[in-house]
Amino acid sequence: MRRPSRRLCGTALAALAVLAPAAGLPALAQEEAAQTVAATQSPISLEAARRLLAQGDAAAASGNLPEARRQYDLARDYCRRLLGFYRDLSGSFRGLDARIPREMDQKGRQALELLAQTNLRLAALFRRQNEPEVAVPLLVEVVKVMTPATEEGRKAYQMLVEIGFATTPYTAGQAAATR
């Protein structure tokens, strides 16, 4: 009877030897996954949205407005998706680990700024195509999410004044001081 017992122990030890290195795999897998998403051209990153924005800029500069619009629309879609993902992750970890919500909130702010920049470029493209009415919702969204106190918000509101949608110029607090 000792023989089967030895065989069983040997098998168990062999299995343990094979599985033991796997104990460190979850941490290693997380690091590799982070590097993979950051290093690739994944659409699930701020860098991918920035690349699309740059491609749209290049297309607009060369006069290929349909391609510029396509790239800007894709960048806008990526930013919106990222905003949702960051918001969901941030909310899921609130009260559990403050580092993760802080990181997700920071990335969310970056995605929001990128979305505002994309909307401004898309609105400028519509104005260039003599379609200012299509630019209005984009510009209003920029003012709403970035507020008129930011550079993007002021630019958007100024474009709304130039289009004729708004008539009162925003002087960034100077009007209140002169009254």
Side-chain angles (χ1 to χ4, degrees), residues 37-94 98-179:
V37 170
T40 64
Q41 294 186 6
S42 168
I44 307 173
S45 72
L46 289 168
E47 201 48 49
R50 286 186 189 103
R51 273 193 304 276
L52 288 168
L53 196 57
Q55 291 170 1
D57 291 345
S62 69
N64 188 350
L65 301 184
E67 179 61 17
R69 180 178 178 181
R70 191 177 78 74
Q71 295 296 329
Y72 291 152
D73 282 339
L74 279 172
R76 192 166 182 259
D77 184 49
Y78 283 12
C79 289
R80 285 176 177 261
R81 277 200 239 158
L82 286 168
L83 274 168
F85 294 153
Y86 294 145
R87 190 175 301 122
D88 290 345
L89 279 174
S90 177
S92 295
F93 283 93
R94 290 231 187 272
R99 297 169 304 150
I100 296 169
R102 273 195 300 266
E103 176 191 353
M104 293 302 115
D105 291 349
Q106 175 62 31
K107 287 184 175 192
R109 283 189 292 278
Q110 292 173 357
L112 199 57
E113 288 174 10
L114 197 56
L115 176 64
Q117 292 169 11
T118 303
N119 281 357
L120 286 170
R121 287 181 170 109
L122 199 51
L125 183 124
F126 286 130
R127 288 182 64 194
R128 189 172 166 184
Q129 293 178 321
N130 293 321
E131 298 180 62
E133 67 281 357
V134 183
V136 169
L138 296 167
L139 297 170
V140 170
E141 182 179 31
V142 172
V143 174
K144 177 181 166 189
V145 300
M146 296 303 292
T147 79
T150 63
E151 181 182 346
E152 290 90 352
R154 284 190 299 273
K155 283 181 183 178
Y157 187 75
Q158 179 58 40
M159 290 173 80
L160 287 167
V161 170
E162 291 169 6
I163 289 172
F165 183 78
T167 55
T168 305
Y170 178 66
T171 55
Q174 294 174 0
T178 59
R179 288 185 183 181

Shortest non-hydrogen separation from G63 to R128 and the atoms involved: CA-NH2, 4.3 Å
Could E47 and R50 be called an ion pair, given the rule that one side-chain N must be under 4.0 Å from one carboxylate O? yes
How close do A68 and A60 get, heavy atom to heavy atom, and via which atoms? CB-N, 3.6 Å
So which heavy atom on G108 is nearest to which on Y86, and how close? N-CD1, 3.6 Å
Mind listing the side-chain donor-acceptor pairs of residues 149-165 below 3.5 Å, one per line with the distance, residues two or more places apart or on another chain?
from, atom 1, to, atom 2, distance (Å)
T150, OG1, M146, O, 3.1
T150, OG1, T147, O, 3.0
T150, OG1, G153, N, 3.1
E151, OE2, K155, NZ, 3.2
R154, NH1, A149, O, 2.6
Y157, OH, T168, O, 2.6
Q158, NE2, E162, OE2, 3.4
E162, OE1, R127, NH1, 2.9
E162, OE1, R127, NH2, 3.2

R76 and its side-chain contact (heavy atoms from CB on, under 4.5 Å) partner, picked from L122, L53, L114, L52: L122
How about L139 and P137: do any of their side-chain heavy atoms sit closer than 4.5 Å? no
One should read off an interatomic distance between L112 CG and C79 SG, to the nearest 0.5 angstrom, of 9.0 Å
I'd like to check L138 versus F126 (side-chain heavy atoms, cut-off strictly below 4.5 Å). Are they in contact? yes
Taking atom types as modelled, is there a side-chain donor on E113 or Q117 under 3.5 Å from an acceptor on the other? no
Within residues 98-111 or reaching into it, pairs that qualify as side chain to side chain donor-acceptor pair (under 3.5 Å) - sequence neighbours excluded: S90-D105, R94-D105, D97-R99, E103-K107, Q106-R109
Rounded at 0.5 Å granularity, tell me how far CD1 in I100 sits from CG in L89. 8.5 Å
Will you find, in the side chains of D57 and Y72, an N or O donor that is under 3.5 Å from an N or O acceptor? yes
As an exercise, state the distance from CD of Q129 to CG of L65, rounded to the nearest 0.5 Å. 5.0 Å
Salt-bridged, E131 to R69, with N to O below 4.0 Å? no
With a 4.5 Å limit on heavy-atom distance, are the side chains of L74 and R70 in contact? yes
Interatomic distance, CG@L125 vs CG@L120, rounded to 0.5 Å, equals 12.5 Å
